Each structure stands twice: as C-alpha cells, then as structure tokens.
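One-based numbering, in listed order, for ligands and for the atoms of each. Worth saying up front: this structure is predicted, and the values here are computed from it rather than measured.
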Amino acid sequence: MPADIPGIHHVTAIGSDPAENLAFYTETLGLRLVKQSVNQDDVSVYHLFYGDYGGSPGTSMTFFPYPDAAPGQVGRGQATTVQFLVPDGAIDYWVGRLESEGVDVDDPHDRFGDTVVPFRDPDGLPLELVGRADAPAGDPPEGPVPAEHAIRGFFGVTLSLVDPHSTATLLEAMGFEETTSDGGRQRYEADGDLGYVVDLHEDPEAPRGRPGAGTVHHVAFQVTQENQAEWREVLIDHGLRPTEIIDRKWFESVYARTDGGVLFEYATKEPGYTVDEEIEHLGERLVLPEWLEDRRGEIEAGLPPLTAAD
Ligand code: ZN
C-alpha cells in the first residue's frame, strides 16, 4: 500500500459571479487569491484558487465561477459542507465579522466538542468554521483578517450519502480512521494537521444533489508524485474507474467517482502554485498552462472582469 494520505489537498466548487466570489473569499474570509486561471476543460470560465500565503496543500479552496450558472441543489451524493479551521479563540471574532459583513450565518453550536459556525457564501455554498485549540499557526496572508484569527486552511468536509459503507472502506484504505460518530454522522480522520477530517453523513432523506452554483464539484486529497500511480491501483481495486493521471500544471491529478456519488481527486503536492509565479506575486495575473498560452488573447477576451462593476 502507498503511504497514507495526510488529508485534503483542495476543494473545488461551482460559483456564479466571479467578482463577487473573489470579493467574498479574499475580503470577507481573508484568504489569498493564489492562482487566477481558467477551467482547463472550459476556458471561457475562470478557475480561481484561494488559500494561505503560499497556497499550501490543505488550504486551497477553488472555484469555477460560471457567470450564468443556475443554483445547484446541495444534497446526497455530494460534499455538502466545507469546513475551515480557525483557532478556538477566534470564534467570537468571526461571528461578529460575518454578521457585520452581512453574511448568511447561523449561531455557533457544538459538534464532537468543537465550536462550529455554519454560514453560506454568496451562492449559498454551505461552509463552516470549526474552532480548535490545536489549530496550527499556518501561513496566513496579510489582509483584512488579523493573523491570530485567520483561517488556517481546511478542517474537513461533510459528505452526504445514502449508504456510507463503501466510502468508509475507501477512506480506511487511504489511511483515515473512524474516530467518533453520532446521529448518522461518522467522523474519519487522517494524520495531517489541515483538511484531516471527512464526516460521512448517512442521510437517505436528503434531496438528491444536483451540480450548479453553490455546490461542491470535487474533493481532492493529497498524494505525492511518487505514490500517485499506486493510489490509482487502489481505486481500481475498490471497483472504481479512475481517470489516467492528468497534468493540471500546478499538480497532477487522478479523478474517480466514488460509489456514494462524490467525485474524489488525488492531487500531488508537487510542483505547487509557485511553479510559474513568484510567491510574492501569486494570483496577480491570469496564468495559463503552456498548452493554452498561444490562445491567451482569445481566452482573455472571453472572460468577464474580476472587479465588480460599480
Ligand atoms: Zn481539483
């Protein structure tokens, strides 16, 4: 078996207005835009990557913001909630911040001993802040959120499933262990310090998930170039049909639709977002993989502005 997976690499979701998406994740949540590119499978649409200062694995939330996207349905067969990790002492700051920014936020509640703050992004994507005393210091960007309160990266995701069994078996093969469970929620944890939680929510009554704005497209787990091919074999052994290894420029990826319906990706830590931009200048300009560079003029002309029209 290849070495265990430490946790999530990135999560990719579908949005609508790209300028609104950018403003929410950078100005409201204080993440850094670490890469501004296009969806390699549909170059008329941005691919925006947010993260910590360097866009470390375990911190990067990415979006395909389709300006005319219809709202999706959050539901079974999807990652229904994305959880960000903050220091436990930052919860009051965040509740105040989200309320004052007009964010759709719920009161904090306890889950498995942690304080959880549910809220939604402008497209209705369900997000949560999870406060933990053991949140790593991380590498937060300079910005509107003081470093002591900054989002450190992912805590985890919740998957809504009719039957969690085969997803649980796959997570166990990936090195996750069941640590606790309650009320239809089984928690699986990996060894990393970011993005190490996957909650399986058995919820056959949930509406069927439908892709669209405000829904998660896929969850990517962190592998190495050394063991990616082995992980592909593990997926085949679990009866899944993984893609070939696809070069995504900043990482290499294998995708597989799990039995529960959620699309998993296995993305390499290498080479990372600094392979084509200096760390000081990440995200400042549209970057394209070299195989799209000769279409830059056409691609730029087809993209909407990233700043909100006043
Ligand atoms: Zn991905």
Legend entry - Arg185/Asp199 ion pair, N-O < 4.0 Å: yes
Legend entry - Polar contact flag, side-chain donor to acceptor under 3.5 angstrom, Tyr50-Asn21: yes
Legend entry - Heavy-atom side-chain proximity of Tyr188 to Glu172 below 4.5 angstrom: yes
Inset, instruction - May I ask you to test the Asp104-Phe119 pair for a side-chain heavy-atom distance under 4.5 Å? - result: no
Inset, instruction - Tell me, please, if His217 has any N/O/S atom, main chain or side chain, under 2.8 Å from the Zn ion (ligand 1)? - result: no
Inset, instruction - Return yes when at least one N/O/S atom of His10 is nearer than 2.8 Å to the Zn ion (ligand 1), and no when none is. - result: yes
Inset, instruction - Find, among atoms of Glu265 that are N, O or S, the one nearest to the Zn ion (ligand 1), and state its name. - result: OE1
